[in-house]
There are 2 protein chains.
Amino acid sequence: MAVSARRGQPLTSEEIYAAALRLLDTAGVDGLSMRKLAAELDVNPMSLYHHVENKQALVRGACAAVVSRLRLPPDDGAPWQEQLRTLAHAYRSLAHSHPSLWSYVDGHPDLVDQESGLWAVFNRILVAAGIPAGELVRTRTTLYAFVSGFLSAETSGLLAELGGETGADTTFADTTFESAVDLIVAGIETRHRASGDR
Amino acid sequence: MAVSARRGQPLTSEEIYAAALRLLDTAGVDGLSMRKLAAELDVNPMSLYHHVENKQALVRGACAAVVSRLRLPPDDGAPWQEQLRTLAHAYRSLAHSHPSLWSYVDGHPDLVDQESGLWAVFNRILVAAGIPAGELVRTRTTLYAFVSGFLSAETSGLLAELGGETGADTTFADTTFESAVDLIVAGIETRHRASGDR
DNA sequence: ACCTGAACACCGTTCAAGT
DNA sequence: ACCTGAACACCGTTCAAGT
């Protein structure tokens with residue numbers, strides 16, 4: 001097994017993705033280059049191509065690794081409202097763990113489902129909330145868009161500059177997210193009640 | 001006044017931005033380059049720098065031109081629900097007019113307000129809806145995030161692949177957007193009713 | 001004032017050659 | 001198998017020189 005002339009150790013894709021994530025975090029998607037990544041790993045730029053198809057695959061892979069760490073709420077019979085809140089907060093803290101990556105994740109929702117199985121869990125919760133089967137996809141898509149739109153606003157700085165602190169530990173963004181989730185839950189409850197009235 | 005050797009006519013920034021928008025529409029933000037733009041205009045790449053500070057300013061300027069075309073609903077005393085729906089549809093059709101630009105607009109919400117005055121109009125409508133002054137920024141930010149999240153999902157193809165046609169002219173995306181706006185309006189009405197109960 | 005060519009410091013990626 | 005250097009086709013941008 002040939003070995004890097006510069007490092008005396010073989011490259012692994014784990015190393016590559018870890019270093020890529022580090023660069024992405026500090027410099028954003030545009031700040032990552034194959035050549036800088038190679039320098040970071042003390043390796044010839046071309047060595048990377050033995051472990052990664054190309055730059056696009058590298059970025060996607062790094063994001064996939066992040067998204068796969070989403071902690072989905074267990075199917076423990078808790079009220080759907082609670083499960084939905086838990087899911088929303090888990091997703092938000094995932095975004096916060098790598099904010100400079102999030103615009104990419106946002107633009108590639110297929111990756112999200114593929115790596116986390118989010119949609120199956122989302123469906124389960126919405127079924128528990130009484131959403132009819134025919135409305136499932138529509139509702140899930142809308143709610144996902146709402147939450148990810150919120151995170152995009154947060155990540156891109158729309159929320160950061162607004163209003164100061166509201167308390168000891170919670171920021172304006174925290175309380176605003178809370179009320180956004182409230183609005184979503186209330187929206188579903190309203191819909192449920194409406195269909196019950198028929 | 002010196003003149004392009006290749007074209008026999010002076011460059012104008014209007015020309016530059018129009019051509020840039022054309023390139024952005026067909027190739028996306030990553031597909032635009034100063035050199036390709038210069039070729040499109042039959043001009044030396046360096047001539048562009050006499051009219052535009054750099055590439056970033058060029059992209060921002062092109063997006064600003066698009067956003068400034070947002071048609072805001074007039075203050076004609078129509079019910080706030082109707083005005084909110086009109087605003088949402090105007091914003092959506094703006095996004096549809098240049099979908100490949102939208103991820104950039106989405107990541108730069110400051111540009112949106114600066115070029116369209118959206119937030120003042122948004123505030124006016126929310127005041128009419130009975131949102132208290134202290135909740136204005138929070139509510140407006142949340143609703144904007146919801147709508148732009150939806151458009152991001154639409155623009156990035158999340159909605160495109162789902163469910164076929166629902167009728168003659170309306171697509172799945174159209175009806176889903178409609179129900180998303182319904183959810184938003186219902187959410188505000190609920191909040192209004194709740195504060196009226198106090 | 002406006003335009004231009006040469007140059008610099010970067011990119012991603014292919015390919016043939018090394019071990 | 002894995003690594004590497006040279007090379008190709010691109011980038012954005014500076015600068016000195018032209019008209």
Side-chain angles (χ1 to χ4, degrees), chain A residues 1-64 100-101 103-104 107-108, chain B residues 1-64 100-101 103-104 107-108:
Chain A
M1 172 160 65
V3 137
S4 163
R6 310 194 202 170
R7 316 184 323 141
Q9 287 201 26
L11 252 186
T12 66
S13 2
E14 286 75 31
E15 261 184 305
I16 293 179
Y17 282 114
L21 201 49
R22 219 155 44 224
L23 276 183
L24 286 166
D25 278 339
T26 64
V29 178
D30 288 340
L32 172 69
S33 83
M34 299 300 273
R35 294 168 118 113
K36 269 193 267 187
L37 176 58
E40 185 86 356
L41 290 163
D42 202 18
V43 121
N44 184 291
M46 298 314 120
S47 304
L48 299 172
Y49 285 87
H50 279 273
H51 301 87
V52 157
E53 182 139 25
N54 51 34
K55 187 186 174 177
Q56 189 190 285
L58 175 73
V59 173
R60 192 182 165 88
C63 292
S100 61
L101 225 67
S103 68
Y104 182 91
H108 298 78
Chain B
M1 170 159 65
V3 136
S4 163
R6 310 194 201 168
R7 315 183 322 142
Q9 286 202 26
L11 253 187
T12 66
S13 0
E14 285 75 31
E15 261 183 305
I16 293 179
Y17 283 113
L21 201 50
R22 218 155 46 223
L23 276 184
L24 285 167
D25 277 340
T26 65
V29 178
D30 288 340
L32 172 69
S33 82
M34 298 300 273
R35 293 170 118 112
K36 269 193 267 187
L37 176 58
E40 186 85 357
L41 290 163
D42 202 17
V43 120
N44 184 291
M46 298 314 119
S47 304
L48 298 173
Y49 286 88
H50 278 274
H51 301 87
V52 156
E53 182 139 27
N54 52 33
K55 187 186 175 177
Q56 190 191 283
L58 175 73
V59 173
R60 192 182 166 88
C63 291
S100 61
L101 224 66
S103 68
Y104 182 91
H108 298 77

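Owing to the predicted nature of the structure, the values given are computational and were not obtained by experimental measurement. Order of the sequence lines fixes the chain letters, A, B, ..., with proteins taken first and strands second; residue numbering starts at 1 for each chain.
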Rounded to whole angstrom units, what separation is found between the [atom1] atom of [X] and the [atom2] atom of [N]?
X	N	atom1	atom2	result
A/L48	C/dC11	CG	P	13 Å
B/L37	D/dC11	CG	P	11 Å
A/M34	D/dT4	CE	P	14 Å
A/I16	D/dC2	CD1	P	11 Å
B/L11	C/dA1	CG	C1'	13 Å
A/L32	C/dG12	CG	P	7 Å

#### Entry: Complementary nucleotide of C/dA7, counting Watson-Crick and G-U pairs under 3.5 Å
D/dT13
### Message
Strictly by Watson-Crick or wobble contacts shorter than 3.5 Å, is anything paired with D/dC2, and which nucleotide is it?
### Response
C/dG18
### Message
Is any side-chain heavy atom of A/L48 closer than 4.5 Å to one of A/L58?
### Response
no
### Task
Indicate yes or no: at least one non-hydrogen side-chain atom of B/L11 is less than 4.5 angstrom from one of B/H51.
yes
### Interatomic distance, A/R22 atom CZ to A/L41 atom CG [nearest 0.5 angstrom]
7.0 Å
Listed nucleotide nearest any side-chain atom of [X], set [options]:
X	options	answer
A/R35	D/dT4, C/dT13, D/dT13	C/dT13
B/N44	D/dG12, D/dT4, C/dT4	C/dT4
B/K36	D/dC11, D/dT4, C/dC3	D/dC11

### Task
Indicate, with a heavy-atom threshold strictly under 4.0 Å, whether A/M46 touches base, sugar-phosphate, or nothing.
base
### Query
How is B/S33 classified with respect to the nucleic acid when contacts are heavy atoms under 4.0 Å: base, sugar-phosphate, or nothing?
sugar-phosphate
Which heavy-atom pair separates [X] from [Y] by the least distance, and what is that distance?
X	Y	value
B/L101	B/L21	CD2-CD1, 4.0 Å
A/A19	A/E40	CB-CG, 4.4 Å
B/C63	B/Y104	SG-CD2, 3.4 Å

In residues 31-38 of chain B, what donor-acceptor pairs under 3.5 Å come from side-chain atoms, sequence neighbours left out?
unit_1 : atom_1 : unit_2 : atom_2 : d
B/S33  : OG     : B/R35  : N      : 3.4
B/S33  : OG     : B/K36  : N      : 2.9
B/K36  : NZ     : B/G31  : O      : 3.0

### Message
Give the residues of residues 50-62 of chain A touching DNA chain C, defined as any heavy atom closer than 4.0 Å, sorted by residue number.
### Response
A/N54, A/K55
